[in-house]
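Taking it in order: structure first as structure tokens, then the write-up.
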Amino acid sequence: MKYINIKQFGVLIALFATIGCEDVLDTEASDAFTEDIIYSEPDQVERLVYPVYNSTESWGLNKAQWWSRRFNIEVGSFEAKFNFNDLDQLRLRAGWSPSNVGVLAQKWSTYWDYVRLANEFLDRIDQSEAMKTDPDKVAILKAEMKFLRANIYSKLIKYYGGVPILENALGLDADFALVRNSYEECVDFIVKELDEAAAILPETRPDNEFGRATKLSALAVKSRTLLYAASTLHDPTTEPSGPLYDYTKASKWQDASDAAKEIIDLVGARDLIAVADAKEYQNLFLSPNQDILFARAYSGFYYDFGTDANSLWNQTQAPSGYGGWALSSPTHNFALLFNMADGSSTDEAGYDPTNPNANREMRFYADLFYQGSTFRGRPVDYALADNPSEATPHGLDSPEGLGNTGHSSKTGYNIRKFQDESVGMTDISPSRPFILYRLAEIYLNYAEAQYELGQEGTAREFVSKVATRGLQPAITASGTDLLEAIKRERRIELAFEGHNFFDERRWMNEDHLGFDIKGLKWTKATDGNLTNEEYTVVERPWFERQYYLPIPQSEVEKAPSMVQNAGY
């Protein structure tokens, strides 16, 4: 009988449970559950693909750790901080070391577990009976697995820089003295894999296959990968430098532009789905729609932590007075990036710090809970009363409010985006996806690449497609002001979707990496009048080495050939 690893054995048990007793009794051989049987039936092969979709991740940053099943990378970005007791869950304030990166610790091992599963599948699939039985179906399954592996690699290099490229599963007699490939070699590998997958994957899927990879999914990963590679962080003139970090191709911005344009051509450069107000915009994130290029679906096939009600954002991100855990509190620094309704910034005269939530752009109201916003039948109230009484009580969402007040927002904001108010706090939404790639990102990728190529007119056209859908004026800026407008639009449009942590790094914008995290303290006078005070919630220092995570110390000890990242 061939060797079966533990994860495959779990799949076999699941398959066994679907087979009736008579089928089992008719089995002729005592070792019938071999890999040969699993790879002999196209439907069983398909079930090997499902678990690897868990590599795409979901609402939680780290499924292996209790806290971080319930918040994501936004708590380490300019967007937000971890709220409960101001804990330093990502150890950004303490500074990373090879033996301690907080709740990011399992990223390395988790990604490589999925690479191994993908490699074991790809090692066997071409010569399998399933491929002979239904080559068309199994070729698509193979393309899905190549897509998933490439997507995992795209995440590995964002966190670590160049990593070993493993195209085959390691056997017992393999050389475990692994050497890291260069960043550029990794990018080339990812692009090759995605091009091969895109050539096979269908351009669209039926509704009952929402969440399965498509041609557009593969091209979206390619677009993001090449945009990141072209960015300042990977320029050989910046630090850290060297093969593990640098991308040297002279055509880098053209390549990034072409990758985005390939998708744009396929969708006909159509406008994004139009919305009339904040509610319609918020609803875009609650169900499948044509602007989504790839998302983690809500399905038992792909079950993992992050798709159960206890770790969905209705519960984990809602204000404390509603029974929410409010784990990620948006920073006031970030809230100030949302424009006024007329397109002016909060640095201009139209913004009133004493009434900071008035006349703001539509996405401010769609994405944020703020003092006075309406949610589930009442206004959100973070204010502490000067002289609490029945007439002027402490706010229900304040440190003296309802529920576990340790979860009350430290910044005066919570995340509204992804909240499904059509169901109860602990009920499961029927179809809410975790969006991983969408068309608005591609338009912003294209705008940034076109700007870097000197094509400002095209850059303005595509960033304006995003801004005007957000009910902001079209972008008219030029020069460096245009680049800043593209970056601002990216920060706002893609808020809390896992981009900002990496965007600020690839732009090497250290003002948004180390900074004093600001919040608003709200106070309620006896007459009910509200005032606010801006204050520093906590200081987040910046350490130059933290452009990348360190390779875990245990891995370096096992394989000394695995070069550690700069600064560690």
Side-chain angles (χ1 to χ4, degrees), residues 57-62 67-68 70-84 86-96 101-104 107 154-155 158-160 224 227-228 231-233 285 313 316-317 326-338 363-364 367-369 409-418 434-438 440-441 444 448 484 486-519 536-549:
E57 302 177 300
S58 59
W59 305 96
L61 176 62
N62 176 0
W67 273 117
S68 57
R70 295 160 172 84
F71 61 84
N72 218 309
I73 197 69
E74 72 283 339
V75 302
S77 74
F78 191 68
E79 298 168 335
K81 62 176 292 295
F82 184 76
N83 186 56
F84 184 70
D86 287 330
L87 296 175
D88 189 15
Q89 291 280 16
L90 272 63
R91 287 188 62 83
L92 291 172
R93 302 200 301 271
W96 293 335
V101 292
V103 297
L104 293 166
K107 286 295 182 189
S154 74
K155 293 187 291 186
K158 285 192 298 185
Y159 278 115
Y160 299 101
R224 186 185 298 178
L227 180 79
Y228 279 39
S231 300
T232 304
L233 178 61
F285 302 92
W313 280 23
T316 65
Q317 298 295 350
L327 292 181
S328 305
S329 51
T331 67
H332 184 53
N333 319 59
F334 179 63
L336 288 172
L337 295 183
F338 288 82
R363 289 171 294 189
F364 178 88
D367 290 355
L368 299 176
F369 290 121
S409 175
K410 309 300 183 294
T411 63
Y413 300 95
N414 291 114
I415 297 176
R416 183 169 210 147
K417 196 173 190 178
F418 313 115
F434 182 77
I435 299 171
L436 295 156
Y437 297 88
R438 59 189 180 95
E441 178 196 349
L444 292 169
E448 187 174 343
E484 289 307 308
I486 293 168
K487 290 180 178 180
R488 190 210 79 94
E489 195 59 36
R490 188 176 183 93
R491 291 176 179 121
I492 298 305
E493 176 63 27
L494 304 179
F496 312 125
E497 295 179 46
H499 293 268
N500 188 257
F501 180 91
F502 299 105
D503 278 342
E504 304 295 353
R505 280 170 167 74
R506 69 181 180 86
W507 293 327
M508 301 189 80
N509 186 4
E510 295 189 358
D511 287 345
H512 283 192
L513 294 169
F515 59 100
D516 291 350
I517 293 175
K518 300 293 185 179
T536 296
V537 182
V538 69
E539 296 178 2
R540 182 184 289 169
W542 171 244
F543 303 91
E544 291 286 340
R545 65 181 181 271
Q546 290 184 178
Y547 280 112
Y548 298 97
L549 282 172

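Taking the charged nitrogens against the carboxylate oxygens, Glu79 and Arg491 have no contact shorter than 4.0 Å, which rules out a salt bridge. Of the charged side-chain nitrogens involved, at least one lies within less than 4.0 Å of a carboxylate oxygen, so that Glu57 and Lys107 count as a salt-bridged pair. A salt bridge is absent between Arg505 and Glu510: the closest approach of a Lys/Arg side-chain nitrogen to an acidic carboxylate oxygen does not fall below 4.0 angstrom. By the 4.0 Å N-to-carboxylate-O rule, Lys417 lies too far from Glu74 to be salt-bridged with it. A salt bridge does not link Glu539 to Arg93: none of the charged nitrogens lies less than 4.0 Å from a carboxylate oxygen.
Between Leu104 and Ile73, the closest side-chain pair of non-hydrogen atoms falls below 4.5 Å. Between Val75 and Leu327 the shortest side-chain heavy-atom distance does not fall below 4.5 Å. In this structure the side chain of Val101 never reaches within 4.5 angstrom of the side chain of Leu90, judged on heavy atoms. At least one side-chain heavy atom of Arg506 sits less than 4.5 Å from a side-chain heavy atom of Leu227.
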Dump the intermediate steps for ring pair (Phe, Tyr, Trp, His ring centres under 6.0 Å) on Trp542 and Phe515, then the final yes or no.
CA-CA 8 Å; Trp542 171 244; Phe515 59 100; over 10 Å; no
Would you sort out whether Trp67 and Phe84 count as a ring pair (Phe, Tyr, Trp, His ring centres under 6.0 Å), showing the intermediate values?
CA-CA 10 Å; Trp67 273 117; Phe84 184 70; 5.3 Å; yes
Kindly indicate, with the supporting measurements, whether the criterion ring pair (Phe, Tyr, Trp, His ring centres under 6.0 Å) is fulfilled by Phe334 and Phe496.
CA-CA 11 Å; Phe334 179 63; Phe496 312 125; 5.6 Å; yes
Between Phe71 and Phe82, does the side chain to side chain contact (heavy atoms under 4.5 Å, CB included) criterion hold? Intermediate values first, please.
CA-CA 8 Å; Phe71 61 84; Phe82 184 76; 3.4 Å; yes
Using the side chain to side chain contact (heavy atoms under 4.5 Å, CB included) rule, take Arg363 and Ile492 through it: C-alpha gap first, then chi angles, then the decisive distance, then the call.
CA-CA 8 Å; Arg363 289 171 294 189; Ile492 298 305; 3.6 Å; yes
Report the C-alpha distance between Ile517 and Thr536 in whole Å, list the side-chain angles of each, state the deciding distance to 0.1 Å, and finish with yes or no for side chain to side chain contact (heavy atoms under 4.5 Å, CB included).
CA-CA 6 Å; Ile517 293 175; Thr536 296; over 6 Å; no
Go through it in stages, so that I can follow the logic: the residues are Arg490 and Asp503, the test is salt bridge (Lys or Arg N to Asp or Glu O under 4.0 Å), and I'd like the CA-CA distance, side-chain angles, deciding distance and then a yes or no.
CA-CA 9 Å; Arg490 188 176 183 93; Asp503 278 342; 2.7 Å; yes
Decide ring pair (Phe, Tyr, Trp, His ring centres under 6.0 Å) for Phe369 and Tyr413; before the verdict, give the C-alpha distance in whole Å, the side-chain angles of both, and the deciding distance to 0.1 Å.
CA-CA 5 Å; Phe369 290 121; Tyr413 300 95; over 10 Å; no
For Gln317 and Ser328, what are the C-alpha separation, side-chain angles and deciding distance, and is it a side-chain hydrogen bond (donor to acceptor under 3.5 Å, both in side chains)?
CA-CA 6 Å; Gln317 298 295 350; Ser328 305; 3.1 Å; yes
Please test Arg438 against Glu493 for salt bridge (Lys or Arg N to Asp or Glu O under 4.0 Å), starting from the C-alpha separation and ending with a verdict.
CA-CA 11 Å; Arg438 59 189 180 95; Glu493 176 63 27; 2.8 Å; yes
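By the 30° and 60° cut-offs, the orientation of the rings of His512 relative to Phe78 is parallel. Between Tyr159 and Phe501, the two ring planes are tilted [angle within 30° to 60°]. The aromatic rings of Tyr228 and Phe502 sit tilted relative to each other, their planes meeting at an angle between 30° and 60°.
A donor atom on one side chain and an acceptor atom on the other are not found under 3.5 Å apart for Arg70 and Thr316. Thr411 and Lys81 are not linked by any side-chain donor-acceptor pair at a separation below 3.5 angstrom, with hydrogens and angles left out of the test.
The OG1 atom of Thr331 sits 15.0 Å away from atom NZ of Lys410, with the distance rounded to the nearest 0.5 Å. The CD atom of Glu497 sits 5.5 Å away from atom CG of Leu494, with the distance rounded to the nearest 0.5 Å. Atoms OG and CG, from Ser329 and Leu368 in turn, are 11.5 Å apart once rounded to the nearest 0.5 Å. Atom CG in Asn414 sits 11.0 Å away from atom CZ in Arg416 (nearest 0.5 Å). Atoms CZ and CG, on Arg540 and Asp516 in that order, are 11.0 Å from each other to the nearest 0.5 Å. The line from CG of Asp367 to CD1 of Ile415 is 9.0 Å long, rounded to the nearest 0.5 Å.
Between the side chain of Asn62 and the main chain of Val103, a donor-acceptor pair closer than 3.5 Å is present. When atom types are taken as modelled, the side chain of Lys518 and the backbone of Asn333 share no donor-acceptor pair closer than 3.5 angstrom. Not one N or O on the side chain of Asp86 forms a donor-acceptor pair closer than 3.5 Å with the backbone of Val538.
Separation of the Phe418 and Trp59 ring centroids falls under the 6.0 Å cut-off.
The two residues Asp88 and Ala94 come nearest to each other via the heavy atoms OD2-N, 3.0 Å.
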